[in-house]
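A short write-up of the structure that comes next.
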Amino acid sequence: MTAARPGHELVTDAQLKRYAKLIYDVAGVEISPQKKQLLSNRVRRRLKVTGIANFEDYYKKLVSLPVTDDEWDHFLQEVTTHETYLFRDDSNWNWFRSEYLPQLVSEARQGKRQKSLRVWSAACSTGDEACTIACCAAEGFASQAGWDVKVIGTDIGVGAVREATAAKFNERSMRLVPDALKKRYFDDVKGEPFWTPKPPVRKTMSFRQHNLLDPLRERPFDVVFLKNVLIYFNTESKTRVIENIKRVMSPGSMLVLGAAEGVSELLSGYERIRPWLHRYTNSAGSPSGKAGV
Ligand SMILES: C[S@@+](CC[C@H](N)C(=O)[O-])C[C@H]1O[C@@H](n2cnc3c(N)ncnc32)[C@H](O)[C@@H]1O
């Protein structure tokens, strides 16, 4: 067997197993044996930056550090996917803008609800989803003064949260933002190739670090967006996440899922409205998809 060229070495099968267990225990993300090349490439990048000699020593370094250490954050950023952009999955946003928000406005007009909206963008990456929510809410409530909107974005990555807080979006992230909304709710950052939400939109958003495997200490939300994160989780870690999400939902609140979250079997207590949209009913033992639509 020929040795790999320097800089192209792969983790051994035993190392892959150990790294995979470590990542699973900390973030709930599964690394399959097919990801050997990918994991090796990503860890190699950290070896280069840290000057640590090999995969074995880097593993030892990680286990010696608290998961709050910066190196853990860099490592997790390397091994998780961060792809995101504004107005991703237009069916979600058509529902949110054309059905959900108008319904809230109408209920508030009839005195059936407070003028308040709380939304959680769970696993928000760089905040594009949270910014989409905030921008749609600004548009949806433009005809009625006095709405209190709070959009909370969380992610396991401290670096991602930092970027989300900076709220600078490049042309690629902005490509699906409807022109009218771009003009009304975003400023072109002077001298930089970025757009940023205008202050009234921006002030409705806040971000913080949070691991979905842990409960979030927050009052219940009206809507939770949980998209494009559980794809790499297994049933055990998905179940833990779904239980944590339930703690911050109250009857009638909505859960918006990504197309491949793979949790429909785990959604007891939810009414399936669309494959990606579920209303929390708190009716224990009624698996999603079997309750009335
Ligand atoms: C592909 S992005 C999804 C962004 C956004 N929700 C969207 O759909 O456009 C996935 C994000 O999940 C985060 N993530 C992975 N495991 C996590 C965990 N255990 N807790 C919180 N966030 C996690 C990653 O850091 C990454 O930013």
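Numbers here simply count residues along the sequence, with the first being 1. Just so it is clear, the structure is predicted and the values come from calculations on it, not from any experiment.
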Please determine whether a side-chain nitrogen of the Lys or Arg among [X] and [Y] lies less than 4.0 Å from a carboxylate oxygen of the Asp or Glu.
X    : Y    : value
E56  : R18  : yes
K227 : E261 : no
D148 : K115 : no
K168 : E192 : yes
D25  : K21  : yes
E218 : R208 : yes
E78  : R45  : yes

For a 4.5 angstrom cut-off between non-hydrogen side-chain atoms, does [X] reach [Y]?
X    : Y    : value
D187 : F194 : no
L86  : L176 : no
Q37  : L10  : yes
C135 : L181 : yes
V223 : V256 : yes
L226 : L255 : yes
D155 : C124 : yes
E9   : F55  : yes

Count the heavy atoms of every other residue, nucleotide or ligand shown that sit under 6.0 Å from NZ of K36, and state whether that count exceeds 12.
-> yes
Within 6.0 angstrom of K198 NZ, more than 12 heavy atoms from elsewhere |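 More than 12 within 6.0 Å, yes.
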Could you see if [X] belongs to whatever hydrophobic cluster contains [Y]? Use Ile, Leu, Val, Met, Phe, Trp, Tyr and a side-chain cutoff under 4.5 Å.
X    : Y    : result
M205 : V189 : no
L65  : F75  : yes
V79  : V158 : no

State, without any angle test, whether [X] and [Y] hold a side-chain donor-acceptor pair at a distance under 3.5 Å.
X    : Y    : value
N94  : S91  : no
Q103 : E99  : no
N282 : K246 : no
E243 : T239 : no
Y24  : N234 : yes
Q34  : S32  : yes
E129 : S121 : yes

Under 6.0 Å from the ring centre and within 45 degrees of the ring axis: does the NZ or CZ of [X] meet both conditions for the six-membered ring of [Y]?
X    : Y    : value
R279 : Y270 : no
K182 : W195 : yes
R46  : Y58  : no

Mind checking the [atom1]-[atom2] spacing from [X] to [Y]? Nearest 0.5 Å is all I need.
X    : Y    : atom1 : atom2 : answer
H74  : D70  : NE2   : CG    : 5.0 Å
F141 : T204 : CZ    : OG1   : 10.5 Å
Y85  : R175 : OH    : CZ    : 5.5 Å
R184 : F186 : CZ    : CZ    : 11.5 Å
T132 : F87  : OG1   : CZ    : 5.5 Å
F207 : T165 : CZ    : OG1   : 6.0 Å

Check for a donor-acceptor pair, side chain of [X] on one end and backbone N or O of [Y] on the other, with a separation under 3.5 Å.
X    : Y    : value
S253 : S250 : yes
N211 : A27  : no
D222 : R118 : yes
T196 : A167 : yes
S237 : F233 : no
R88  : E83  : yes
T50  : I52  : yes
D89  : N92  : no
W147 : L117 : no
R113 : S116 : yes

Verify side-chain contact (heavy atoms from CB on, under 4.5 Å) between D57 and N54, making sure each step is shown before the conclusion.
-> CA-CA 6 Å; D57 289 354; N54 54 49; 3.2 Å; yes
State which residue, out of V67, L62, L213, fulfils the side-chain contact (heavy atoms from CB on, under 4.5 Å) condition with V26.
->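 With V26 as partner, V67, L62, L213 yield a single side-chain contact (heavy atoms from CB on, under 4.5 Å), made by V67.
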Please identify each residue that fulfils ring pair (Phe, Tyr, Trp, His ring centres under 6.0 Å) with F225, with sequence neighbours left out.
-> W93, F96
Let me see the working for E71 and K61 under salt bridge (Lys or Arg N to Asp or Glu O under 4.0 Å), right down to the final yes or no.
-> CA-CA 9 Å; E71 188 51 40; K61 175 84 186 165; over 6 Å; no
So, do Y19 and Y59 have ring centers that fall under 6.0 Å from each other?
-> yes
If you take all heavy atoms of [X] and [Y], which pair is closest and at what distance?
X    : Y    : value
A260 : I231 : O-CG1, 3.7 Å
F221 : V119 : CD2-C, 3.6 Å
R97  : P178 : NH1-CG, 3.8 Å
V201 : A134 : CG1-CB, 3.6 Å
T84  : S125 : CG2-OG, 3.7 Å

Candidate pair H82 and T80, rule side chain to side chain donor-acceptor pair (under 3.5 Å), full reasoning | CA-CA 7 Å; H82 298 275; T80 53; 3.2 Å; yes
Please report the C-alpha distance between N170 and S173 in whole Å, then the side-chain angles of each, then the deciding distance to 0.1 Å, and finally whether the side-chain contact (heavy atoms from CB on, under 4.5 Å) criterion is met.
-> CA-CA 5 Å; N170 62 21; S173 299; 3.1 Å; yes
CA sep, side-chain torsions, deciding dist, call: E265, T235, side-chain contact (heavy atoms from CB on, under 4.5 Å) = CA-CA 10 Å; E265 297 302 315; T235 305; over 6 Å; no
Before giving the answer on side-chain contact (heavy atoms from CB on, under 4.5 Å), spell out for V224 and M254 the whole-Å C-alpha distance, their side-chain angles and the decisive distance to 0.1 Å.
-> CA-CA 6 Å; V224 177; M254 307 298 284; over 6 Å; no
